[in-house]
Amino acid sequence: MAGGRSGSPLQDTARATPAPVLRGLVADYHGYRYEGFAPGVHLGMPSPQLTVVVTLGPDIGFAGTPVPAQAGSRFAALASGIAEAPVEIVHDGTQYGMQLTFTPWGARALFGIPAGALGPWLVDLGEVLGADARELRDRAAAAATWPERFAVLDDVLVRRLRPVDVAPELREAWRALVTNPRARVGDVAGRVGWSRRTLSSRFTAEFAVTPKTASRLARFARSHRLARGEAPLAEIAVRCGYADQAHLDREWRDLAGVSPTRWRRDEVFPFVQDDDHHVERDFES
């Protein structure tokens, strides 16, 4: 736990790698507890992964989501699909819970549905985990430490594992497009032995985004991770495959609604730093 002198904000965060059998399905576990920060809106950024949030305190509320009809929604626990726009999380200076990032194969193995079935929607976690969602939240809330809470996640998720039956061509196309910011859709289609049209239709059906969009989201998410640190934006642009910083700025305004400079200035909660190995690992499966 990290905190300052009396009256200063509280920051208590932890991160863990899931049980070995879950790796490739769930990228990581992130526990967080922030108290005493200024009220505001926190942006949950677009990503080529699915997100699960389990609150351990008050419900989480959204002022804006990729689906306008969901503005004003509140959840105790939720799952969200792959989207091309941020979510606007309204907070009173306090956030307390756990966040999990799922790969598309995790949706198949643990939810029993393709990532495309969720699309950009936010849904109550019970809709994809059934009664296990209530058990997960209740047991995690009763646990005293982050390792104990993460052990609950392992226990519940391992119990839900099912075989994943996805065409190897889709697996390879996904891996190629989200790990290489310069990959071309036509080249990837040729590599897996499909026409570009076949790849696009099957890819979109499975993931609810086109191959080009998946690549774009992966590049943006990587730049978002690196922007949490202090690297110059021009350097981040080069490392993430953008033409230059102006290109990076345009993509941020389009996908996040803000420039990376403004996001760095306005983000209320402290960043949980990630090393480059973690940045790349999240997109491999």
Side-chain angles (χ1 to χ4, degrees), residues 21-27 45-52 65-68 79-87 100-123 127-128 160-225 239-243 247-248 250-252 254-256 279-285:
V21 72
L22 294 172
R23 294 171 194 173
L25 304 174
V26 185
M45 294 297 198
S47 166
Q49 295 177 322
L50 295 86
T51 301
V52 166
T65 77
V67 181
S80 64
I82 300 170
E84 301 175 57
V87 295
L100 295 70
T101 48
F102 281 56
T103 68
W105 327 122
R108 283 278 192 180
L110 299 165
F111 299 161
I113 58 174
L118 279 175
W121 289 83
L122 281 64
V123 302
E127 293 191 27
V128 292
R160 292 189 56 86
L161 277 177
R162 300 293 184 272
V164 178
D165 183 17
V166 176
E169 293 88 349
L170 278 177
R171 283 184 176 271
E172 173 57 21
W174 177 267
R175 186 204 63 77
L177 289 165
V178 302
T179 59
N180 180 1
R182 295 176 177 83
R184 295 180 179 274
V185 175
D187 293 341
V188 171
R191 186 186 314 168
V192 303
W194 285 351
S195 69
R196 182 166 182 155
R197 175 178 292 182
T198 297
L199 174 62
S200 181
S201 63
R202 295 195 60 176
F203 195 100
T204 304
E206 179 68 28
F207 307 118
V209 293
T210 66
K212 184 176 180 180
T213 297
S215 178
R216 185 187 187 201
L217 289 173
R219 182 169 55 183
F220 170 80
R222 191 175 288 109
S223 75
H224 173 228
R225 283 285 182 91
R239 292 177 64 180
C240 294
Y242 293 104
H247 184 197
L248 172 73
R250 288 195 300 273
E251 285 290 273
W252 269 70
D254 193 24
L255 291 170
V279 171
E280 297 302 322
R281 187 202 69 196
D282 278 4
F283 299 104
E284 288 176 357
S285 298

Pair Tyr242-Arg250, side-chain contact (heavy atoms from CB on, under 4.5 Å): steps then yes or no = CA-CA 10 Å; Tyr242 293 104; Arg250 288 195 300 273; over 6 Å; no
Test log, rule side-chain contact (heavy atoms from CB on, under 4.5 Å), inputs Leu161 and Leu22 | CA-CA 8 Å; Leu161 277 177; Leu22 294 172; 4.0 Å; yes
From CA spacing to verdict: side-chain contact (heavy atoms from CB on, under 4.5 Å), Thr51, Val87 = CA-CA 11 Å; Thr51 301; Val87 295; over 6 Å; no
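Residue Ile82 comes nearest to Pro48 through the heavy atom pair CD1-O, 3.7 Å, listed as atom of the first residue, atom of the second, then distance. When all heavy atoms are compared, the tightest approach of Val128 to Ala79 is CG2-CB, 4.0 Å. Shortest non-hydrogen contact noted between Ala173 and Val192 is N-CG1, 4.1 Å. Closest approach of Ala208 to Gly119, counting heavy atoms only: CB-CA, 3.9 Å.
Between Arg196 atom CZ and Asp187 atom CG the span is 9.0 Å, to the nearest 0.5 Å. The CG atom of Leu177 sits 11.5 Å away from atom CG of Leu217, with the distance rounded to the nearest 0.5 Å. One distance of note links CG of Leu110 with CH2 of Trp105; it measures 14.0 Å at 0.5 Å rounding. Expressed to the nearest 0.5 Å, how far OG of Ser47 lies from CZ of Arg225 amounts to 7.5 Å.
Among the candidates Pro46, Pro66, Ser80, the single residue satisfying the side chain to side chain contact (heavy atoms under 4.5 Å, CB included) test with Pro120 is Pro66.
Ser200 meets the side chain to side chain contact (heavy atoms under 4.5 Å, CB included) test with Thr204, Pro211; sequence neighbours excluded.
Under the salt bridge (charged side-chain N to carboxylate O under 4.0 Å, His left out) criterion, the residue pairs touching residues 201-217 are Arg108-Glu206, Arg216-Glu251, Arg216-Asp254, with sequence neighbours excluded.
Judged by distance alone, the side chains of Trp174 and Thr103 never bring a donor and an acceptor atom under 3.5 Å apart.
Using bins of under 30°, 30° to 60° and over 60° for the plane-to-plane angle, the ring pair Phe207/Phe203 lands in the perpendicular bin.
A donor-acceptor distance shorter than 3.5 angstrom exists from the side chain of Arg162 to the backbone of Arg160, with no hydrogens or angles considered. Between the side chain of Arg219 and the backbone N or O of Arg182, no donor-acceptor pair lies under 3.5 Å.
By the 4.5 Å heavy-atom criterion applied to side chains, Leu248 and Ser223 are counted as neighbours. For the pair Leu255/His224, no side-chain contact is recorded, criterion being any heavy-atom separation below 4.5 Å from C-beta on.
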